2 protein chains.
Amino acid sequence: MAELTPTSQELRLTSPLLGYLERRIRVEAESELAAFGLRPRHVIALTVLRQIGEGSQADLATALKIDRTNLVGLLNELEDQDLVERRRSHEDRRRHMVGLTDAGVEKLSEVEAALAKVESRVLAGLDGDEQASLYSLLEQAAAGLGVSCSEPPPGDC
Amino acid sequence: MAELTPTSQELRLTSPLLGYLERRIRVEAESELAAFGLRPRHVIALTVLRQIGEGSQADLATALKIDRTNLVGLLNELEDQDLVERRRSHEDRRRHMVGLTDAGVEKLSEVEAALAKVESRVLAGLDGDEQASLYSLLEQAAAGLGVSCSEPPPGDC
DNA sequence: TATTGTTATACTCTATAACTATA
DNA sequence: TATAGTTATAGAGTATAACAATA
């Protein structure tokens, strides 16, 4: 068994903190979302769908960075709740165009309000200015990675 | 299909950004860790083990906040690589005391250096001061939730 | 009886291969 | 032939129930 020396180099990695907070928010959010009959993946899909507007399932899968095969069941569940709608494309009958329903838009707003409460609870250790700083730092870091792009740039976007 | 109005309330949730960056770091870290024959769970276990020192499997499971049943296989894999050691306790022969080996301590240092590189790549959009700000904001938020506590305080710690 | 480690089992999330219908 | 959606399947990660050894 190793003798623990106090020589631990203390690398100050931010990723463990990032991962910890992400997990805390996710766990609390899951409880909150259960009341809506939704899981995190559903909310992400609805959010992206609102951003990109109507598109094919392949488009949505690309935007969500999940496999198209896993998208099928996800959309089935959202369609069962009438939150999204699939229509066969007239131009290319292989394609299913997907979009939010009115009920989907409304439910997403309610969910976001609930998530904002969870978030303020988890970030309670920070005051308003600090929360704003955190947001802008994260946004800047994400922007440096090429988020909010429609075509795959240098990296995988 | 819903008509998209520009009335989206723009709630500015930080959790999606947090989740996005966490995922980016995790995916890149997984590739890096594969070279060491390790996955994220292994690194987390080694890190916590270095922090808390030698302890029973139940202690380690509590510190890791994972189920003791899942810890068994994890420790088997780490023991196969001679990174940790299980010894039966003399005081209570039901207990297996677990600790890092010298090889485990050394490998963890190498892994941390590799992870620091991944991190600086993902956070390249931020300069040195901004990365330091991000770290301290995350630390403060985590501290507000009762991290770095040995006994379960108000929350689940 | 209670606890430690263990095994077996199930459920979710994710990734891959193969099928269908269209092009 | 290639592509969009689908299905089936397998692998991780996680959680619960039951068991053997020990207290």
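Not measured: the values here are computed from a predicted model. Only this structure's heavy atoms are used, side chains among them; waters, hydrogens and symmetry mates stay out. Here is how names work: the chains are called A, B, and so on, in the same order as the sequence lines, proteins then strands, and each is numbered from 1.
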Rounded to the nearest angstrom, tell me the gap between atom [atom1] in [X] and atom [atom2] in [N].
X: B:M97; N: C:dT4; atom1: CE; atom2: P; value: 12 Å
X: B:R23; N: C:dC13; atom1: CZ; atom2: C1'; value: 11 Å
X: A:Q57; N: C:dT22; atom1: CD; atom2: C1'; value: 15 Å
X: A:L33; N: C:dC13; atom1: CG; atom2: P; value: 12 Å
X: A:L74; N: C:dT12; atom1: CG; atom2: P; value: 14 Å

Need two values: the first and the last nucleotide of DNA chain D, 5' to 3', having an atom under 4.0 Å from any heavy-atom of chain B.
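Taking any atom under 4.0 Å from a heavy atom of chain B, the span is D:dA12 to D:dA23.
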Open item on the list: Please determine whether a side-chain nitrogen or oxygen atom of B:R95 lies at a distance below 4.0 Å from atom OP1 or OP2 of C:dT4.
Closed with: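 B:R95 to C:dT4 OP1/OP2: side-chain N or O found under 4.0 Å.
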### Message
On the nucleotide C:dT20, are OP1 or OP2 found under 4.0 Å from the side-chain N or O atoms that A:R93 carries?
### Response
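It does not, given that no N or O in the side chain of A:R93 lies less than 4.0 Å from OP1 or OP2 of C:dT20.
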Query raised in the report: So among B:E28, B:E119, B:R24, which one has a side-chain hydrogen bond (donor to acceptor under 3.5 Å, both in side chains) with A:S15?
Result: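 For A:S15, the side-chain hydrogen bond (donor to acceptor under 3.5 Å, both in side chains) check succeeds only for B:E119.
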Exercise for the section: From the options B:K107, B:E77, B:Q81, select the one residue that forms a side-chain hydrogen bond (donor to acceptor under 3.5 Å, both in side chains) with B:H42. Expected result: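 Result for side-chain hydrogen bond (donor to acceptor under 3.5 Å, both in side chains) with B:H42: B:E77.
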Mind checking if [X] touches a base, just sugar-phosphate, or nothing, with heavy atoms under 4.0 Å?
X: B:S56; value: sugar-phosphate
X: B:R41; value: sugar-phosphate
X: A:D67; value: base

Under a 3.5 Å cutoff, is there a donor and acceptor pairing between the side chains of A:D59 and A:S56?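 Short answer, yes.
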### Message
Both A:E91 and A:N70 contact DNA chain C. Taking the nearest nucleotide for each, which residue is further toward the 5' end?
### Response
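Whichever sits nearer the 5' end wins; that is A:N70.
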*asked:* Nearest to the A:R39 side chain among C:dT7, C:dT16, C:dT12, which nucleotide is it?
replied: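 The nucleotide sitting nearest to the side chain is C:dT12.
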Q: Tell me which of A:R94 and A:L71 sits closer to the 5' end of DNA chain D, going by the nucleotide each one is nearest to.
A: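 Nearer the 5' end of the strand: A:R94.
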Open item on the list: Checking A:I66 against A:L74 for the side chain to side chain contact (heavy atoms under 4.5 Å, CB included) test, could you report, in this order, the C-alpha distance in whole Å, the side-chain angles of both residues, the deciding distance, and whether it holds?
Closed with: CA-CA 11 Å; A:I66 71 174; A:L74 188 57; 4.2 Å; yes
Applying the salt bridge (charged side-chain N to carboxylate O under 4.0 Å, His left out) test to A:E54, which of A:R95, A:R86, A:R87 qualifies?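 Filter result, single survivor: A:R87.
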*Mind checking what makes salt bridge (Lys or Arg N to Asp or Glu O under 4.0 Å) contact with B:E22, not counting sequence neighbours?*
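With sequence neighbours excluded, B:E22 shows a salt bridge (Lys or Arg N to Asp or Glu O under 4.0 Å) to B:R26, given in chain and number order.
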**Asked** Could A:R50 and A:E112 be called an ion pair, given the rule that one side-chain N must be under 4.0 Å from one carboxylate O?
**Response**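 Salt bridge present between A:R50 and A:E112.
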